[in-house]
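These notes concern the structure reproduced below.
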Amino acid sequence: WVEINTQTNQYDVFLEQGDINDPNSPLPIYKLQAQRSYNDGPICYEFDYWTVDPTNGAAFTDITNYLTPVIFNTPGAVITANYRTTNALTGNISGGALPDGYYFYGDVVISTYTNVPSGSFFGVIPGTNININSGSDLRIYGNFEAVGTSQQPITFTGNGGLGVQIIGEGSSEFRRCRFEGIMVESQITELGECVFDQCSFSYNNNIALSAFGSGNNTEINNCSITNS
């Protein structure tokens, strides 16, 4: 709708917005999305929370989620995505349990068995390249997030063998990832969650992605498989 601003004598245009608490609203519900994480050289950042100026300028469904529905209340409101620094690893990974709350960035090489322990979180910065050598693998028992962008996808490479295993009751998210010469296996249970969205699989030794087990809760959306 449009109304006159008596202070500037100009018209203010407002979006017709649906109710964020009513999924059946006939009007559109708008969302904000920030980049989940990024790096500036060796310093890495992850999304923390949203702020708005003035403070009543917008209402968020989840102020701490990088993807959230929003209602705009005030014309000219400025919304800011705030980030916090986080720890990150790059280069040759020594294997064993990965530290909780860390990220991979840059060029990473996994040359021995490496795991994300149950109950912990590990992430990957957009644009990261992860090479998993023959005879080694990345086993995910906890929570894992590899969310690339259209300009900076995340790439997993290998020698055609099994390289990534998702096991147990954690939550794993792979978006805009490339799996080249590497097999992926999901054994997630009904208590866990695993999502592959806008990912590509190629040259994977006849099996690109397998998901099995009682109550397996794996979701695959908008993915492509070639030369496998």
Side-chain angles (χ1 to χ4, degrees), residues 36-37 39 88-98 102-118 120-228:
R36 177 68 176 83
S37 58
N39 72 292
L89 301 174
T90 193
N92 293 314
I93 305 304
S94 59
L98 293 170
Y102 275 60
Y103 283 76
F104 282 148
Y105 78 96
D107 295 320
V108 174
V109 178
I110 294 176
S111 55
T112 187
Y113 162 68
T114 302
N115 73 91
V116 178
S118 177
S120 68
F121 168 84
F122 200 91
V124 184
I125 297 291
T128 297
N129 300 303
I130 302 171
N131 181 261
I132 301 178
N133 288 343
S134 179
S136 58
D137 61 3
L138 173 62
R139 299 183 189 179
I140 302 167
Y141 299 96
N143 303 303
F144 188 82
E145 186 177 85
V147 178
T149 68
S150 56
Q151 292 78 28
Q152 292 183 298
I154 294 167
T155 303
F156 295 81
T157 59
N159 296 313
L162 180 60
V164 178
Q165 296 183 74
I166 305 102
I167 305 168
E169 301 176 358
S171 176
S172 292
E173 183 178 4
F174 299 85
R175 298 187 188 274
R176 298 184 183 89
C177 293
R178 297 172 179 171
F179 298 91
E180 300 174 356
I182 192 170
M183 295 164 55
V184 182
E185 182 179 279
S186 174
Q187 300 179 46
I188 206 78
T189 71
E190 68 275 8
L191 298 179
E193 181 181 20
C194 184
V195 175
F196 294 90
D197 182 65
Q198 301 177 67
C199 295
S200 64
F201 301 82
S202 60
Y203 301 100
N204 306 98
N205 197 25
N206 297 322
I207 300 177
L209 170 63
S210 64
F212 60 90
S214 177
N216 190 299
N217 192 18
T218 299
E219 181 179 329
I220 304 169
N221 299 312
N222 305 310
C223 294
S224 65
I225 300 175
T226 57
N227 299 304
S228 295

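Owing to the predicted nature of the structure, the values given are computational and were not obtained by experimental measurement.
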task: Drop me the distance from F104's CZ to L138's CG, to the nearest 0.5 angstrom.
output: 6.5 Å

query: For D107, which residues count as a side-chain contact (heavy atoms from CB on, under 4.5 Å) partner, sequence neighbours excluded?
result: N129

side-chain contact (heavy atoms from CB on, under 4.5 Å) partners for N227, two or more places apart: Y203

message: Show, in sequence, the C-alpha distance, side-chain angles and deciding distance for Y103 and N39, and conclude whether the side-chain contact (heavy atoms from CB on, under 4.5 Å) test is met.
response: CA-CA 10 Å; Y103 283 76; N39 72 292; over 6 Å; no

- request: Work out which heavy atom in I207 is nearest to a heavy atom in S210; give both atom names and the distance.
  value: CG2-CB, 4.4 Å

- prompt: Got more than 12 heavy atoms from elsewhere within 6.0 Å of CZ, R178?
  reply: no

query: Hey, does the side chain of N216 reach the backbone of S186 with a donor-acceptor pair shorter than 3.5 angstrom?
result: yes

- prompt: When rounded to the nearest 0.5 angstrom, what is the spacing between CZ in F121 and CD in E145?
  reply: 4.5 Å

query: CD1/I125 to CG/L89 distance, rounded to the nearest 0.5 angstrom?
result: 11.0 Å

- prompt: According to the interplanar angle, ranging from 0 to 90°, do the rings of F144 and F122 count as parallel (below 30°), tilted (30 to 60°) or perpendicular (above 60°)?
  reply: parallel

Name each donor-acceptor pair under 3.5 Å that joins a side chain in residues 163-174 to protein atoms two or more places apart or in another chain, with its distance.
{"from": "Q165", "atom 1": "NE2", "to": "D137", "atom 2": "OD2", "distance (Å)": "2.8"}
{"from": "E173", "atom 1": "OE2", "to": "R175", "atom 2": "NE", "distance (Å)": "2.3"}
{"from": "E173", "atom 1": "OE2", "to": "R175", "atom 2": "NH2", "distance (Å)": "3.4"}

query: How many angstroms lie between CD1 in I220 and CG in D197, if you round to the nearest 0.5 Å?
result: 11.0 Å

task: Please work out whether the ring planes of F179 and F201 are parallel, tilted or perpendicular, with thresholds of 30° and 60°.
output: parallel

- prompt: Only one of V109, I110, T112, T157 forms a side chain to side chain contact (heavy atoms under 4.5 Å, CB included) with N133, so which one is it?
  reply: V109

query: Atom OG in S118, atom CD1 in I140: separation rounded to 0.5 Å?
result: 12.5 Å

